[in-house]
S.K.: 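The structure under discussion is supplied below as structure tokens; questions concerning it will follow.
When a ligand or atom number is given, it counts from 1 through the structure's own listing order.
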Amino acid sequence: MFDVFTIGSAVRDIFARSNDVIYKKGSEFPAGEGACFSLDSKLTLDEVNFYVGGGAVNTATTFANQGFKVAPIMTVGNDPEGEYIKKVCAKAKLSLDFVSTDKNHSTSFSFIFSLPSGARTIFRYQGASWFLKPSTIPWSKLNAKWLYVNHLAGESHDILPRLLKTAKKSGMKIAWNPGSTQFERRQEVVPLLAYADVCIVNQEEAALLTGIPYTKQGAIFRKLDELVRGFVIMTKGPDGVEVSDGKMIWSAGILPMDKIVDRTGAGDAFGSGFIAALMRKPDDIEHAIQFASANATGVLTQWGAMNGLLKKRDELFKWGKLEIRKTSL
Ligand SMILES: Nc1ncnc2c1ncn2[C@@H]1O[C@H](COP(=O)(O)OP(=O)(O)OP(=O)(O)O)[C@@H](O)[C@H]1O
Ligand SMILES: [Mg+2]
């Protein structure tokens with residue numbers, strides 16, 4: 001039997017950095033700033049790194065690193081990139097029993113393009129991960145202690161009601177980190193939040209899910225605590241994290257580190273780290289926050305979303321001890 005299932009995307013990630021790209025401010029860019037390069041020219045990529053990512057893979061790797069038996073539920077394309085992802089997963093000791101192949105779509109792919117300043121743009125090909133089909137899941141075998149649900153993108157969203165019901169029926173605990181498709185289909189998602197023992201969102205996502213402006217943190221927590229049966233985790237990037245159980249709120253900042261190399265996968269590392277710690281010490285929220293932060297910090301200090309995740313023998317206080325405040329809501 002597995003300790004945990006993760007479900008979500010499996011992505012081939014290529015990171016590249018170029019000094020030949022010009023930074024420009026301009027109202028034509030939605031964010032007010034853009035990266036420009038000349039047409040009809042050959043530009044140099046100064047650094048290229050090839051990795052594997054996606055929510056299902058990233059979070060499963062945390063659990064495997066901690067010695068848990070884990071199976072990611074995900075789909076890859078019928079192509080060499082899909083084969084490569086499977087090879088990397090097998091090496092990380094993830095079970096391939098629940099990995100399916102989509103004959104109609106290529107493997108999901110991200111090109112993560114950085115400027116010399118560290119600013120970045122992600123080119124994303126949706127691919128097979130957008131089409132995870134209920135028929136590819138061996139439903140009768142879905143039994144473990146925990147289910148970790150990542151962004152179920154595009155058509156994969158339709159799996160959610162059956163997935164959550166099946167998991168609850170077989171006594172699994174559910175952690176849920178919803179993604180953009182879930183926020184686009186918020187009306188369907190809100191009633192399903194009652195299935196979550198732990199709901200993990202960042203500040204913007206919490207605002208999207210509740211429809212409350214993200215500056216009104218108290219109101220957001222009250223709303224989410226009403227909807228989610230268990231804990232609500234709100235990550236706040238460089239401002240740390242807040243965790244609520246509906247009665248108490250735990251707040252923490254971040255761990256000090258020399259330099260952020262790449263922020264891809266920080267959220268996945270935090271959420272999966274929190275659950276891995278709870279699996280070991282179910283009632284120790286402070287330990288879970290410390291472990292999750294160290295797991296995220298590890299990822300921030302290395303390229304790629306799987307590298308830097310804590311290993312079982314790593315020192316929990318490698319980057320120091322977080323100060324955690326506990327107050328009543
Ligand atoms: N710039 C940073 N400095 C220090 N720690 C950080 C930074 N960014 C993120 N973290 C750590 O990682 C956690 C999760 O980060 P964040 O809130 O950015 O998640 P996210 O928005 O879900 O990220 P992702 O884009 O990976 O989904 C934070 O709570 C914090 O502990
Ligand atoms: Mg996230």
S.K.: Starting from atom 18 (O) of ligand 1, what is the nearest protein heavy atom, named by residue and atom, and what distance separates them?
M.R.: R263 NH2, 2.7 Å
S.K.: Distance to 0.1 Å, residue and atom name: give those for the protein heavy atom nearest to atom 14 (C) of ligand 1.
M.R.: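 For atom 14 (C) of ligand 1, the nearest protein heavy atom is T235 CB, 3.8 Å.
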S.K.: What protein heavy atom sits nearest atom 29 (O) of ligand 1, and how far off is it?
M.R.: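 Here the nearest protein heavy atom works out to G240 O, 3.0 Å.
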S.K.: Taking NZ, NE, NH1 and NH2 as the nitrogens, is one of them in K69 or D3 under 4.0 Å from a carboxylate oxygen of the other?
M.R.: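 D3 and K69: not salt-bridged.
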S.K.: Relative to ligand 1, is Q203 under 4.0 angstrom through side chain, backbone, both or neither, heavy atoms considered?
M.R.: neither
S.K.: Could you check atom 13 (C) of ligand 1 against the protein and tell me its nearest heavy-atom contact, residue, atom and distance included?
M.R.: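 Going by distance alone, atom 13 (C) of ligand 1 is nearest to F270 CD1, 3.8 Å.
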S.K.: Is the backbone N or O of A269 less than 3.5 Å from a side-chain atom of N295, with the two atoms forming a donor-acceptor pair by type?
M.R.: yes
S.K.: Got the closest protein heavy atom to atom 21 (O) of ligand 1, with its distance?
M.R.: N202 ND2, 2.8 Å
S.K.: Among P256, A266, G237, which residue places a heavy atom closest to atom 30 (C) of ligand 1?
M.R.: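 It is G237 whose heavy atom sits nearest to atom 30 (C) of ligand 1.
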S.K.: Hydrogens and angles aside, do S244 and D225 bring a side-chain donor and acceptor to less than 3.5 Å of each other?
M.R.: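 Yes - a donor-acceptor pair under 3.5 Å links their side chains.
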S.K.: Take a 6.0 Å sphere around NZ of K223 and say whether it holds more than 12 heavy atoms from other residues, nucleotides or ligands.
M.R.: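 Result for NZ/K223: open.
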S.K.: Could you list all the salt bridge (Lys or Arg N to Asp or Glu O under 4.0 Å) pairs where at least one residue sits in residues 263-286, not counting sequence neighbours?
M.R.: none
S.K.: Can you tell me which portion of N177 lies within the under-4.0 Å heavy-atom range of ligand 1? Options are side chain, backbone, both, or neither.
M.R.: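 None of N177 does.
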S.K.: Are the aromatic rings of F109 and Y125 close, with centres under 6.0 Å apart?
M.R.: no
S.K.: Which heavy atom of Y195 sits nearest a heavy atom of K168, and at what distance?
M.R.: O-NZ, 3.7 Å
S.K.: Which bit of I254 gets closer than 4.0 Å to ligand 1, counting heavy atoms only: side chain, backbone, both or neither?
M.R.: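 Near ligand 1, I254 shows its side chain, while the N, CA, C and O stay back.
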S.K.: Can you list the ligand 1 atoms lying under 4.0 Å from a non-hydrogen atom of M257?
M.R.: 3 (N), 4 (C), 5 (N)
S.K.: Is there a donor in the side chain of S129 and an acceptor in the side chain of S108, or the other way round, less than 3.5 Å apart?
M.R.: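 A donor-acceptor contact under 3.5 Å links the two side chains.
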S.K.: Do L329 and W250 belong together in a cluster built from hydrophobic side chains that touch within less than 4.5 Å?
M.R.: no
S.K.: Which protein heavy atom lies closest to atom 6 (C) of ligand 1, and at what distance to 0.1 Å?
M.R.: L300 CD1, 3.3 Å
S.K.: Would you kindly specify which portion of I260 sits under 4.0 Å from ligand 1, judged on non-hydrogen atoms: side chain, backbone, both or neither?
M.R.: side chain
S.K.: Any idea which heavy atoms bring S272 and Y148 closest together, and the distance?
M.R.: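 Heavy atoms only, the tightest pair is N-OH, 3.5 Å.
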S.K.: Suppose we measure from atom 12 (O) of ligand 1 to each protein heavy atom; which comes out shortest, and what is that distance?
M.R.: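 Closest protein heavy atom to atom 12 (O) of ligand 1: A296 CB, 3.5 Å.
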S.K.: Check each atom of ligand 1 against the heavy atoms of G265 and keep those under 4.0 Å away; list them by number with element.
M.R.: 26 (O)
S.K.: Counting heavy atoms only, which of A292, G271, P238, G267 comes nearest to atom 22 (O) of ligand 1?
M.R.: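 Of the listed residues, G267 has the closest heavy atom.
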